[in-house]
Colleague: 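Have a look at the structure that comes next, please.
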Protein chains: 2
Amino acid sequence: MGGFMKKDETLDEAAIRVLHNLTGIRNIYMEQLYAFSNTERDPVERTISVPYYALINIQEHNEELNEEHSAQWFSLKDFPRLIFDHNEMVGRAIRRLRYRASIMPIGFELLPEKFTMRQLRKLYEAIMDQSLDKRNFINKVNSLDILMKLEEKETEGSKKGSYLYRFDKDKYDSKIVEGFQFKI
Amino acid sequence: MGGFMKKDETLDEAAIRVLHNLTGIRNIYMEQLYAFSNTERDPVERTISVPYYALINIQEHNEELNEEHSAQWFSLKDFPRLIFDHNEMVGRAIRRLRYRASIMPIGFELLPEKFTMRQLRKLYEAIMDQSLDKRNFINKVNSLDILMKLEEKETEGSKKGSYLYRFDKDKYDSKIVEGFQFKI
DNA sequence: ACAAAAGTGTTTCCTATACACCCATGC
DNA sequence: GCATGGGTGTATAGGAAACACTTTTGT
């Protein structure tokens with residue numbers, strides 16, 4: 001998905017506008033990737049593209065995307081060939097996301113406000129494209145001490161029901177001030 | 001330092017050309033940083049800047065820079081206020097360099113072909129802005145097994161003289177093929 | 001003689017990893 | 001009763017960090 005920037009807006013603003021026009025989505029995590037400037041990259045006219053990647057919560061936005069904007073989801077394991085250098089952009093986005101998710105609590109953007117440990121683990125397994133040991137993952141996350149364990153249980157995905165957690169942004173922010181380094 | 005890109009060149013090519021025009025330097029490590037696009041960043045006209053950072057070997061290029069191009073070196077600990085958002089660009093370059101140098105053998109770009117362990121350590125101390133234990137650093141570097149220890153000794157910096165090393169690019173490349181991950 | 005840098009190993013601690021069984025519930 | 005996912009702790013290995021003294025030689 002792309003568009004042209006206007007004279008009176010920044011690249012960030014243009015990216016936000018374009019995403020909104022094409023998907024109806026606003027106020028989500030977006031990050032500039034890299035300026036692509038090969039002279040031959042667009043056969044029609046000379047174009048420099050500055051792609052952004054966004055983290056879209058599939059649970060929150062699925063209907064909106066599919067029904068109102070005819071957008072589709074593709075698995076990273078099996079996505080189509082894109083025009084121009086857009087496959088390279090996707091590759092760059094994946095690498096950036098992996099790096100960011102390993103040093104910032106960026107993954108939480110992709111989960112509902114309340115989530116289970118399993119959801120969090122499955123998300124990181126998807127981002128990193130590797131399976132993670134259940135116990136080690138929980139130990140690691142707990143040792144970070146930036147989640148609130150809620151009283152509630154979620155019973156959709158399992159018979160027993162599993163505790164819900166919430167990312168404690170205040171706690172995280174105050175830890176950051178004290179020099180805490182997120183690392184997963 | 002900056003310049004405007006031409007219609008028939010890429011950003012990489014423009015960055016290389018501008019650096020060469022201003023310093024006479026060619027064929028060095030350069031990397032694109034980030035596209036800066038605030039609408040007010042340049043008060044004269046709307047400008048989007050895509051800065052690059054370069055690794056310039058101070059030993060090799062000092063005279064060239066100072067005498068032929070009136071360029072100057074500034075310490076990162078005490079550098080002047082720059083115009084527009086250029087201080088932000090420098091900050092971004094430092095962070096990027098720290099990251100790159102920790103996962104790629106990029107630091108060697110800044111050393112002469114033959115260098116002492118002390119020089120390598122001092123370089124990493126400068127990049128990371130922290131002191132590094134002499135023995136631990138040597139053990140770590142040796143465990144990477146990507147340097148050739150030469151017979152020659154360097155006697156300029158010390159009475160005793162210290163062994164010179166050379167980065168073994170062939171060995172490094174073949175290790176990379178085998179899945180080796182540089183980490184320092 | 002002494003100043004300045006080179007060179008050299010071991011111990012300790014901490015983090016990462018590997019690993020298996022019982023629990024609660026819906027069907 | 002059985003299938004499904006939830007929940008829990010420990011032992012081991014490997015890497016990171018701390019640490020001090022002797023050697024060489026120019027002055």
Colleague: Name all residues meeting the side-chain contact (heavy atoms from CB on, under 4.5 Å) criterion together with A:Asp170; count only those two or more places apart in sequence or in a different chain, and write none if there are none.
Modeller: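 A:Asp170 satisfies side-chain contact (heavy atoms from CB on, under 4.5 Å) with A:Asp168 only.
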Colleague: Just how far, in rounded Å, is P of C:dT25 from CD of A:Glu154?
Modeller: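 It works out to 15 Å between those atoms.
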Colleague: Whole-Å distance between D:dA18 P and B:Ile138 CD1?
Modeller: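 Interatomic distance, CD1 of B:Ile138 to P of D:dA18: 16 Å.
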Colleague: Would you please name every residue forming a side-chain contact (heavy atoms from CB on, under 4.5 Å) with B:Lys149, sequence neighbours left out?
Modeller: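 By the side-chain contact (heavy atoms from CB on, under 4.5 Å) rule, B:Lys149 matches B:Tyr163, B:Tyr165.
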Colleague: Check whether any side-chain heavy atom of A:Arg118 sits under 4.5 Å from a side-chain heavy atom of A:Arg121, and report yes or no.
Modeller: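 Side chain of A:Arg118 against side chain of A:Arg121, heavy atoms only: contact under 4.5 Å found.
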Colleague: Does any pair with a residue in residues 70-117 of chain A pass ring-ring contact (aromatic ring centres under 6.0 Å, His included), and if so which ones, sequence neighbours excluded?
Modeller: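 Residue pairs with at least one partner in residues 70-117 of chain A: A:Phe84-A:His86, A:Tyr99-B:Tyr99, A:Phe108-A:Phe115, A:Phe108-A:Phe167.
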Colleague: Check this for me, if you would: do B:Arg46 and B:Asp42 make a salt bridge, where the nitrogen-to-carboxylate-oxygen distance has to be below 4.0 angstrom?
Modeller: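 No, no charged N to carboxylate O under 4.0 Å.
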Colleague: Spell out protein contact along nucleotides 1-6 of chain C as letters: B when the base is contacted, S when just the sugar-phosphate is, - when no protein heavy atom is under 4.0 Å; keep the 5' to 3' order.
Modeller: ---BSB
Colleague: Ring-plane angle category for A:Tyr172 and A:Phe180, please: parallel below 30°, perpendicular beyond 60°, tilted otherwise.
Modeller: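 Because their plane-to-plane angle is over 60°, the rings of A:Tyr172 and A:Phe180 count as perpendicular.
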Colleague: From CG of B:Leu132 over to P of D:dC19, roughly how many Å is that when rounded to an integer?
Modeller: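 These atoms are roughly 15 Å apart.
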Colleague: Please report the closest heavy-atom contact between B:Ile106 and B:Arg100, naming both atoms and the distance.
Modeller: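 In terms of heavy atoms, the two residues are closest at CD1-CB, 3.7 Å.
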Colleague: Keeping to residues at least two apart or across chains, list the ring-ring contact (aromatic ring centres under 6.0 Å, His included) pairs with something in residues 3-30 of chain B.
Modeller: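 Passing the test, one end in residues 3-30 of chain B: no pairs.
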Colleague: Find every protein N or O atom lying less than 3.5 Å from an N or O atom of nucleotides 14-18 of chain C, and list the pairs.
Modeller:
from	atom 1	to	atom 2	distance (Å)
C:dA18	N7	A:Asn136	OD1	3.3
C:dA18	N7	A:Asn136	ND2	2.8
C:dA18	N6	A:Asn136	OD1	3.0

Colleague: Starting at CZ of A:Phe137 and ending at C1' of C:dC19, how long is that distance when rounded to a whole Å?
Modeller: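 Atom CZ in A:Phe137 sits about 18 Å away from atom C1' in C:dC19.
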